[in-house]
Amino acid sequence: MSSSKIPPRSVGSEDDWPDFEAFTRRKAANKPVLNRAKVLPPEEGNGTVTELFPNQSAVLLDGKAAPSLCGYRMSTLAFGSAVRERSPVCVGDRVLVEAGVITGRCERRNRLLRPAPDASDLTLHVLASNLDALVVVASACEPGFNGGIVDRFLVAASAQKIPAILCVNKADLLAPGEERPWAHYVRAGVALVEASARDGRGTGDLAALVRGKVSAFCGNSGVGKTSLLRRLLNDEDYGRTTAVNERSGMGRHTTSGAVMLAGPESSSFVDTPGVMNFGLYDVAADGLLPHFPELQAAAASCPAGCAHEDESGCRLRALPRHESFRAIRRSLARGRTGENLP
């Protein structure tokens with residue numbers, strides 16, 4: 001599924017795609033008719049989308065060794081929904097291709113999505129679909145571990161019933177005995193791997209967890225997703241990396257759009273752009289607790305009517321992710337789905 005034969009995209013932030021925005025503006029005066037397209041059953045697909053371009057997609061057709069560029073028309077892939085997607089197809093979609101044109105999209109098992117942060121109205125950005133696992137990549141340092149954005153990705157995975165793995169990269173930079181502010185995720189039932197793309201530690205354990213699966217790799221900028229994928233792919237030429245910005249301490253974007261790659265032993269890896277924030281969609285403030293299973297278990301012992309805020313008898317207050325839960329719930333209650341968390 002290598003994209004080496006597909007024309008390269010411009011490198012930049014995933015929220016700064018002038019090609020997509022210009023295309024959207026050109027089409028604004030000729031909006032597609034809703035309900036024109038029907039979602040197909042999975043067995044009717046004959047290819048899988050591996051990368052997106054303006055008005056085109058790279059599609060790995062069944063039985064082929066490399067993806068091909070296939071066109072599509074927004075007007076023929078307009079699905080009956082009140083919420084517009086940034087693109088009618090996404091990486092991981094099963095599609096029907098006829099004469100080099102995508103004419104239908106199959107039903108999705110799940111999808112990793114967020115509200116598009118650059119849209120004035122509610123537009124969804126579906127990063128990937130039909131996933132067997134979501135690998136949330138964080139960094140032990142440079143940049144520091146960001147539990148807020150990790151929890152947002154975990155909530156998004158839970159909402160779509162996608163099994164999640166937390167991979168803390170740059171473990172080689174930890175001093176012996178240094179505190180690990182991510183250790184509690186094991187008690188929360190999250191699969192955890194400490195790894196180093198630099199020296200290879202932990203990458204074998206990660207490879208075992210994603211073997212034979214379609215796995216999306218996500219996280220904030222600078223955590224080393226692409227470097228980890230180089231290890232897993234055994235391909236030193238894949239992607240391109242940059243150092244963390246010395247002034248801001250934040251990572252620099254190096255992946256401009258999601259791309260699906262063929263991994264070893266029937267694995268597929270979806271490399272997604274690094275983000276500075278991650279908004280949640282289709283998760284209500286009053287429905288957030290089940291996505292924090294250890295907090296939900298503790299809530300059974302709380303006094304009747306406990307709001308799980310500052311009550312003295314609240315059993316959630318002593319748990320590490322309580323503050324993250326409260327912060328996400330407050331932002332959802334205010335409708336600030338894209339708010340980043342410390």
Side-chain angles (χ1 to χ4, degrees), residues 1-12 14 17-28 30-81 84-113 116 123-132 214-216 238-239 255-263 266-273:
M1 269 174 228
S2 170
S3 59
S4 59
K5 296 184 180 180
I6 303 300
R9 303 184 62 135
S10 59
V11 175
E14 61 113 8
W17 292 353
D19 47 3
F20 273 91
E21 295 309 310
F23 175 75
T24 301
R25 286 193 296 271
R26 289 197 301 271
K27 291 294 183 182
N30 185 25
K31 292 183 179 180
V33 178
L34 291 179
N35 296 317
R36 180 175 294 176
K38 293 183 179 180
V39 178
L40 304 174
E43 60 269 17
E44 292 191 19
N46 62 358
T48 301
V49 175
T50 62
E51 195 170 2
L52 298 184
F53 303 92
N55 213 26
Q56 289 181 313
S57 296
V59 179
L60 183 66
L61 296 170
D62 294 348
K64 300 294 184 180
S68 304
L69 272 179
C70 298
Y72 63 81
R73 296 183 179 88
M74 295 287 287
S75 58
T76 60
L77 291 179
F79 299 96
S81 173
R84 183 170 63 91
E85 291 187 12
R86 199 173 191 176
S87 171
V89 295
C90 73
V91 171
D93 273 345
R94 290 287 295 170
V95 294
L96 176 64
V97 176
E98 298 175 300
V101 177
I102 298 174
T103 59
R105 189 192 77 197
C106 297
E107 180 181 356
R108 293 163 171 165
R109 288 191 292 116
N110 53 49
R111 56 184 184 168
L112 175 64
L113 74 164
T123 301
L124 295 182
H125 181 192
V126 186
L127 284 79
S129 68
N130 300 320
L131 299 173
D132 299 315
V214 178
S215 305
Y238 170 67
T255 303
S256 62
V259 57
M260 180 179 284
L261 307 155
S266 302
S267 303
S268 295
F269 306 139
V270 179
D271 189 7
T272 69

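Just so we're clear, the structure is a prediction, and the values are computed from it rather than from any experiment.
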Exercise for the section: Report the C-alpha separation of V101 and R73 in whole Å, then their side-chain angles, then the decisive distance to 0.1 Å, and conclude whether the side chain to side chain contact (heavy atoms under 4.5 Å, CB included) test is met. Expected result: CA-CA 8 Å; V101 177; R73 296 183 179 88; 4.2 Å; yes
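- Atoms CG and OG, on L131 and S215 in that order, are 8.0 Å from each other to the nearest 0.5 Å.
- Looking at V59 and Y72, their side chains never come closer than 4.5 Å, going by heavy atoms from C-beta outward.
- A58 approaches P67 most closely through the heavy-atom pair CB-CB, 4.2 Å.
- Checked against side chain to side chain donor-acceptor pair (under 3.5 Å), E43 has no partners two or more places apart in sequence or in another chain.
- Annotation: side chain to side chain donor-acceptor pair (under 3.5 Å) contacts of D132 (sequence neighbours excluded): R109.
- Rounding to the nearest 0.5 Å places OH of Y238 at 4.5 Å from CG of L261.
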Handout entry: Derivation of the side chain to side chain contact (heavy atoms under 4.5 Å, CB included) call for V126 and R86
Key = CA-CA 7 Å; V126 186; R86 199 173 191 176; over 6 Å; no
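- Counting non-hydrogen atoms of other residues, nucleotides and ligands closer than 6.0 Å to CD of E107 gives a total of 12 or fewer.
- Annotation: side-chain contact (heavy atoms from CB on, under 4.5 Å) contacts of D62 (sequence neighbours excluded): N46, R94.
- A donor-acceptor pair under 3.5 Å is absent between the side-chain atoms of T50 and the main chain of M260, judged by distance alone.
- Distance check: N55 CG to C70 SG gives 12.0 Å after rounding to the nearest 0.5 Å.
- Distance check, rounded to the nearest 0.5 Å: CG of N110 to OG of S129 gives 7.5 Å.
- How far CG of D271 is from CD of E51: 10.0 Å, rounded to the nearest 0.5 Å.
- Applying the side chain to side chain donor-acceptor pair (under 3.5 Å) test to N130 and every residue at least two apart in sequence or in another chain returns nothing.
- Between the CG atom of L96 and the OG1 atom of T103 there is a distance of 3.5 Å, given to the nearest 0.5 Å.
- You'll find the side chain of S57 reaches within 4.5 Å of the side chain of L52, heavy atoms only.
- Applying the side chain to side chain donor-acceptor pair (under 3.5 Å) test to R108 and every residue at least two apart in sequence or in another chain returns E85, D93.
- Across every non-hydrogen atom of A258 and V270, the tightest pair is CB-CG1, 4.2 Å.
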